[in-house]
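Just so we're on the same page: letters track the sequence lines, and every chain starts at 1. When reading the values below, keep in mind they use all heavy atoms of this one structure, side chains included, and skip hydrogens, waters and symmetry mates.
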Amino acid sequence: MSKALRAALLWPHTWMGVTLGGLLIVIFFMGSLTVFMPEIDRWMMPATRVAMPGAPVSVDAIARPLLEQLTAQRAAGGATVRDWLVEMPDARTPVLQLRVRTSAGGAGMMATADGRRLPPPGTLGASSFFYPLHYCLLLRPGFIGYWIVALAAVAMMAGLVSGVVIHARIFQDFFTFRLRAHPQRSLLDLHNLMGVLALPFHLMITFSGIVIVLPVVFPAGTTLLYAGDMNRFYAEAVGNYDRPAVGAAAPLLPLDPLVDRARRLWAAETGRDVAVAQVGVVHPGDAGAYVRITRLNDDRVTLHNDPLYFDGVTGTLLARGRPGPVVGAQRFIAGLHEVHFDHWTLRWLYFLQGLGGCVLIATGLLYWLEKRRVRHDGRGWRAVAATACATTTGVVLATLAMMVANRLLPAALPSRELAEVAVFFGVWIGTAAHADLHLRRHPDPPWRAHAGLVGGLALVAMAANWITTGDHPIHAWAEGHGAVLGVDGALAVTALVAFFAAWRLEGGRAKARPGGARSGQTLAITPMEAKNG
Amino acid sequence: MADTQQLGVFLLATSGMAMTALGLDRHWLDLVGRRRAVSHRHAFPLRLAAVACWAGALILAITNDGTAIGVILWITALTTGAFAVALSLTLLSLRKPRRRHAAKEVR
Amino acid sequence: MTTPASPPASSRRPRPPRRGGGAPPGGRLHVLARVLAAIVGTYALAWGFGALGAVAGTWLGMAPAEATTLFALLALSAMPGIALWALAAGRVMRVWAVLALGALVQIALAYLVRGAGA
């Protein structure tokens, strides 16, 4: 790598980081939370903290009456039913999720495995808030959020590649972290360490993340070959089957025998017991009805869920969705991103490496801030400093505030889930404003105040869970609520790390300027020790 | 059994990383002695042992989790091991008075 | 980082490295041209490659969805490299010329091949 090339790539690396770093930290943080989406959902939806049924749930006995109930509610005015969907319970989501779509709109609900209908959760939870925030920033109209996230992700890939090129002493410094050096040195060491040691993960996770939404953000072939019709492309790519309703009524077959046939087929092919993920019925009650059954991918990486299509009236196997080798590879890469397979070690390490991505970008920003500080860049510097603060401690604070609101807002509050979202964004905007105001009078973002608040809110969230649900660790242990234990444990660790960071930042203030801190199960960058400087 | 194998993957990956670190002048000087840089006599066996550790970790990971998940686990274990070594080296360097002691242990 | 080298001489006058490493070369307009080339130009070039590859792959007998996905994946893999080249290469005019020409030729060829195949 020539010196000229390194010099030429330095400013793109720097400026991509400064402009998109904050956004990328938010995406990485929300993505890390998404690894434990079902667990956070259990925490935020206490009614779903139920035991996993021992035996497979009967679709006919449990799900079908509820679906017919939902349909009757929705299609009361003579609307036609488009489809039913049942998400079967699994170890991490031990409830049934049911959905009907009619020409008069859709409806959904959750139910326990013994058929008890659960009240609306009153929260979007991780699955409908943190997760969409991760992949589209909640900006769905026109796919605008997908485009922004994909742009940031390509910049992340370019940042990783250019970072490796710029890093002159990549092998000599492979394990180097000089904690007691000058803060700029320590920050750069940590930045390099995070970037180099976790490079395979960061490259994989950014690339595979874009691959999931590739047909949306890169419709080149679809424009020419499918006249831009994405649905037709998807259907052909993964081998979806579809047929229109006939218009004549015909009774729907019992569904359990079809589920058994699907399981037998998969068992014969894979040599193991494969669980069912979804059972869908399209045009139920019509002579053209068909049933779609997909498998759970807890034993393999790919997201390809091997859909089997049965005739809903005669029971014949109509079709089987089988993607070609390239689309199969695409599904595999997508699965690398989403870690749906059952592997707790890897889930935790994905989570930690995702947070490591936050540290990577945050240390880059802090390094830039430290370096630029001397030159008194004024407004631009302050904007970056406030952004860095709002997207690190700020977003952690907003998340924790939402979790506290989730436990403390009254259940009867109308549009309760939106109140939670308002708390999230209110706190987030508040942290940004606070950081900006603070920076007008102080040389540093309010790291210490934020770290203390993070610690306090994490403890409040944990205590609120114990008080409002009675699910304190002993109870959760006895009931086997591993998800609740895990989330509470993560909150406790967050509080410890945040308080430690706040304490160190206070100690360093007298001696020297603090480098900054990042909370959320990661390490705090301790203030410089003046003697080495 | 599966848990022990997984632990083995992480231990082997970390050992390999530790040996790689020893093969680098800076850490060799820090840990073994201030006088000499790592010589060829030491560098080659260290590298060989590191590669052997990583190969063992890969085989163990694949027998435990299958090819696809095994390779992911292996790469993740390498990253984890590298972080563990980097963190240990940082902590060791913080305890300057005890360096002689640490050097003896390594020898 | 440790060795702040002077930025590439895009403006002819030799200028001392004002801000050290990490500062973009040239003035604001220059930076804007670079950034637009890196985002729009890279995307256009990759889009052309994805389109041409999909059409050509189909013409050569691949399933359309397979060819579309294959060349989208390849184009995506190339994007970070192209974007970095657009940001770092010597002259911004040349960057624009290469990107625009490459994109236009590929897109034109893609429509031609599709017309021939249909």
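- Along residues 145-154 of chain A, the residues that come nearer than 4.5 angstrom to chain C, judged on non-hydrogen atoms, are A:W147, A:L151, A:V154 in order of number.
- Of all heavy-atom pairs between C:T42 and C:A86, the closest is OG1-CB, 4.5 Å.
- Contact of A:L214 with chain C is made through the side chain alone, with heavy-atom distances under 4.5 Å.
- Contact count versus chain A (heavy atoms, under 4.5 Å) is highest, among C:E66, C:M62, C:M79, for C:E66.
- Proximity to chain A (any heavy atom under 4.5 Å) is shown, for C:I107, by neither the backbone nor the side chain.
- Most heavy-atom pairs under 4.5 Å with chain A, from the set C:A46, C:A83, C:G53: that is C:A46.
- Nearest heavy-atom pair across A:W381 and A:W368 is CD1-CZ3, 4.3 Å.
- Here the side chain of C:R34 pairs a donor or acceptor atom with the backbone of C:A89 at under 3.5 angstrom.
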Inset, instruction - Please lay out, stage by stage, how A:D189 and A:L193 fare under the test side-chain contact (heavy atoms from CB on, under 4.5 Å). - result: CA-CA 6 Å; A:D189 273 351; A:L193 209 61; over 6 Å; no

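- Heavy-atom minimum distance, A:V196 versus A:H167: CG2-CD2, 3.7 Å.
- Counting heavy atoms of neighbouring residues, nucleotides and ligands inside a 6.0 Å radius, atom CG of C:L29 does not exceed 12 of them.
- With hydrogens and angles disregarded, a donor-acceptor distance shorter than 3.5 Å links the side chain of C:R114 to the backbone of A:L224.
- When heavy atoms are compared at a cutoff of 4.5 Å, C:A72 approaches chain A by way of both its backbone and its side chain.
- Counted within 6.0 Å of CE on C:M93, heavy atoms from surrounding residues, nucleotides or ligands total 12 or fewer; the atom is thus considered open.
- With sequence neighbours excluded, the residues forming a ring pair (Phe, Tyr, Trp, His ring centres under 6.0 Å) with C:F71 are C:F49, listed by chain and number.
- Ring pair A:Y241/A:Y309 is tilted by interplanar angle, where 30° to 60° counts as tilted.
- With a threshold of 4.5 angstrom between heavy atoms, A:P215 does not approach chain C through any atom at all.
- Side-chain contact between C:I82 and C:L99 is present, with at least one heavy-atom pair separated by less than 4.5 Å.
- Comparing A:M156, A:R169, A:M157 by heavy-atom pairs within less than 4.5 Å of chain C, the highest count is held by A:M157.
- Within the 4.5 angstrom heavy-atom criterion, only side-chain atoms of A:Y226, from C-beta onward, approach chain C.
- For A:M16, the part sitting under 4.5 Å from any heavy atom of chain C is the side chain, from C-beta outward, and nothing else.
- Taking A:P219, A:A155, A:A237 one by one and counting their heavy-atom pairs under 4.5 Å with chain C, the maximum is reached by A:P219.
- With a threshold of 4.5 angstrom between heavy atoms, A:V18 does not approach chain C through any atom at all.
- Annotation: side chain of A:Y234 is not in contact with side chain of A:N240 (no heavy-atom distance under 4.5 Å).
- Per-residue counts of heavy-atom pairs under 4.5 Å with chain C were compared for A:G328, A:G17, A:G221, A:P323; the largest is that of A:G221.
- Counting heavy atoms from C-beta on, the side chains of A:H304 and A:V238 never come closer than 4.5 Å.
- Put simply, of A:S162, A:A4, A:G324, the one with the most heavy-atom pairs under 4.5 Å next to chain C is A:G324.
- When the candidates A:I210, A:I333, A:V326 are compared by the number of heavy-atom contacts under 4.5 Å with chain C, A:V326 comes out ahead.
- If you tally non-hydrogen atom pairs under 4.5 Å between each of C:A67, C:G57, C:G50 and chain A, the highest count goes to C:G50.
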